[in-house]
J.: 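Starting off with a structure, shown below.
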Amino acid sequence: MAFPAVLFGAVVITSIIMNITLIERVGLTILLLLIAVLLSASFRPVGRLTSAAARLAQGDYSTRVSTAGRGLTLGRVAHSFNELAARLESAEEQRRRLMADIGHELRTPLTVIRGELEAIVDGVHPADPDHLERLLEDVDVIERLLDDLRTLSMAESGTLELHREPADLGEILADSAASLRRLAGERNIDLSTSVEAAPAQIDPVRIREVVTNLLVNAVNATPAGGAVHARLTPGPDGHVIEIEDSGAGIPPDQLERVFDRFQKGSGSTGSGLGLTISRDLVRAHGGTIRLHSVVGEGTTVTVTIPTAE
């Protein structure tokens with residue numbers, strides 16, 4: 001792109017020089033040549049930026065352009081280009097990691113199913129209800145994982161439809177806790193609630209999914225003899241749900257990654273998508289979710305849900 005700029009400058013120079021005196025021609029020639037050189041230099045960064053954009057479009061997300069020695073406008077463009085390239089590179093890395101994680105999560109139940117079926121075919125195990133029930137349990141694991149991935153995909157792409165209607169958050173929290181009291185009792189865990197009426201315009205199915213998931217996590221993280229307490233504080237603009245457990249807590253280096261996909265705590269038997277989905281569902285309602293944890297004392301998850309859409 002530098003050569004056309006110089007050529008253009010030469011043409012302009014020639015057309016003007018034909019109509020002025022020799023002395024004027026010499027001075028003006030020098031001036032216009034300088035302008036042509038400057039134009040040529042200004043086109044070089046644009047040319048490099050164009051070449052970098054072409055490499056980026058072809059999938060080379062490591063492409064960057066230098067921001068040194070540029071004017072204010074081109075410097076901003078170069079900086080924005082580098083930010084875009086960095087985000088695309090990060091998104092590609094997350095996509096690859098997600099595919100690897102999905103393959104890993106599916107491999108275990110599929111390996112078990114294959115082993116059981118081969119044993120039945122070879123006559124090692126009979127095709128009785130006990131063995132077939134185990135196969136169904138592993139099929140359930142795969143179905144739950146696929147459902148979680150579908151929900152996560154729709155939530156992150158913004159295509160998840162919320163079926164909002166007037167609902168009572170207090171009732172949802174109480175019902176969810178009641179459904180888990182038997183499990184908590186079997187593990188000698190005290191599961192208690194402090195709730196009151198808290199009307200809101202929400203998707204009750206999705207919010208129930210969030211609350212149940214957080215309660216299950218709290219129960220699983222609490223040792224025998226511990227306690228889980230869920231409380232609801234109604235407010236004019238937003239209702240606050242707090243779920244507190246007396247578990248071992250989460251180390252600081254793991255705390256910042258708890259909402260990442262497939263991030264599992266010690267002893268977790270889930271897919272590692274529960275907190276990620278809960279975060280996205282809460283955000284889809286315009287709410288917030290945060291987690292506070294102290295090692296040796298326990299963890300508190302706080303969810304705020306707006307009262308109106």
Side-chain angles (χ1 to χ4, degrees), residues 94-156 160 172 174-191 204-228 230 243 245 247-248 250 254 257-278 280-281 299:
Q94 290 180 12
R95 185 190 67 81
R96 291 176 179 175
R97 189 165 60 246
L98 175 61
M99 296 304 295
D101 289 338
I102 291 173
H104 174 74
E105 292 296 327
L106 288 174
R107 188 175 296 113
T108 300
L110 287 175
T111 300
V112 173
I113 291 173
R114 183 182 184 87
E116 287 290 330
L117 289 175
E118 288 177 347
I120 291 175
V121 171
D122 294 339
V124 177
H125 296 320
D128 56 17
D130 289 339
H131 288 91
L132 293 177
E133 186 174 350
R134 295 177 191 172
L135 293 177
L136 287 175
E137 290 175 356
D138 288 306
V139 171
D140 288 341
V141 171
I142 296 176
E143 287 182 342
R144 285 197 301 272
L145 175 59
L146 294 177
D147 286 342
D148 287 347
L149 287 170
R150 180 173 179 272
T151 301
L152 182 62
S153 174
M154 290 189 298
E156 293 187 344
L160 179 67
I172 291 175
D175 289 346
S176 298
S179 66
L180 292 172
R181 275 210 176 82
R182 180 177 178 182
L183 173 64
E186 291 174 351
R187 300 183 182 182
N188 192 25
I189 296 172
D190 179 24
L191 175 56
V205 174
R206 293 302 187 182
I207 292 299
R208 186 182 298 273
E209 182 178 350
V210 171
V211 171
T212 300
N213 177 66
L214 297 179
L215 285 171
V216 168
N217 285 351
V219 170
N220 288 338
T222 304
V228 173
I243 299 177
D245 68 62
I250 303 172
Q254 298 179 19
R257 302 196 307 271
V258 293
F259 292 107
D260 291 350
R261 303 178 191 136
F262 297 104
Q263 186 68 26
K264 295 185 180 182
S266 58
S268 173
T269 59
S271 65
L273 295 173
L275 279 178
T276 309
I277 292 174
S278 296
D280 290 344
L281 291 178
T299 302

J.: Using side-chain heavy atoms (C-beta onward) and a distance below 4.5 Å, is Leu273 in contact with Leu145?
T.: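 In short, these two side chains touch, coming nearer than 4.5 Å.
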J.: Any side-chain heavy atom of Thr222 sitting closer than 4.5 Å to one from Arg187?
T.: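 Side chain of Thr222 against side chain of Arg187, heavy atoms only: no contact under 4.5 Å found.
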J.: To the nearest 0.5 angstrom, please state how far the CG atom of Leu152 sits from the CG atom of Leu281.
T.: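 Here the interatomic distance stands at 9.0 Å.
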J.: Return the set of residues passing side chain to side chain donor-acceptor pair (under 3.5 Å) with Asp122 (not counting sequence neighbours), or none when no residue passes.
T.: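 Expected list: none.
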J.: Quick check: does any side chain N or O of Ser153 sit under 3.5 Å from a backbone N or O of Leu149, one acting as donor and the other as acceptor?
T.: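 Judged by distance alone, no pair lies under 3.5 Å.
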J.: How close do Phe259 and Thr276 get, counting heavy atoms only, and between which atoms?
T.: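 Taking Phe259 first and Thr276 second, the nearest heavy atoms are O-OG1, 2.8 Å.
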J.: Could you tell me the separation between the CZ atom of Arg134 and the CD atom of Glu137, rounded to the nearest 0.5 Å?
T.: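 Arg134 atom CZ to Glu137 atom CD measures 8.5 Å (nearest 0.5 Å).
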J.: Evaluate the side chain to side chain contact (heavy atoms under 4.5 Å, CB included) criterion for residues His125 and Asp130: first the C-alpha distance (whole Å), next the side-chain angles of each, then the deciding distance (0.1 Å), finally the verdict.
T.: CA-CA 10 Å; His125 296 320; Asp130 289 339; over 6 Å; no
J.: State plainly whether the residues Glu209 and Arg206 are in salt-bridge range, i.e. N to O under 4.0 Å.
T.: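 Salt bridge: yes.
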J.: Looking at side-chain heavy atoms only, is the closest gap between Arg144 and Asp140 below 4.5 Å?
T.: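 Arg144 reaches Asp140 side chain to side chain.
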J.: Quick one: does Ile277's side chain get under 4.5 Å of Asn213's, heavy atoms only?
T.: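 With C-beta onward as the side chain, the pair stays apart.
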J.: Have a look at Val228 and tell me which of Ile243, Leu214, Asn220, Leu180 forms a side-chain contact (heavy atoms from CB on, under 4.5 Å) with it.
T.: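 The passing option is Ile243.
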J.: A side-chain contact here means heavy atoms from C-beta on lying under 4.5 Å apart; do Leu160 and Asp280 qualify?
T.: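 Not touching, per the 4.5 Å side-chain cut-off.
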J.: What's the shortest heavy-atom distance between Ser176 and Thr212, and which atoms?
T.: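 Smallest interatomic distance, heavy atoms only, reads OG-OG1, 3.4 Å.
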J.: Would you name the heavy atoms of Leu132 and Ala127 that are closest together and state the gap between them?
T.: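 That closest heavy-atom pairing would be CD1-O, 3.8 Å.
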J.: Restricting to non-hydrogen atoms, name the atom on Pro223 and the atom on Gly247 that form the minimum distance, rounded to 0.1 Å.
T.: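 Scanning both residues completely, I find the closest heavy atoms to be CD-CA, 3.9 Å.
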J.: Heavy atoms only: give me the nearest Leu191-Arg181 pair and the separation to one decimal.
T.: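 The pair with the smallest heavy-atom distance is O-NE, 3.1 Å.
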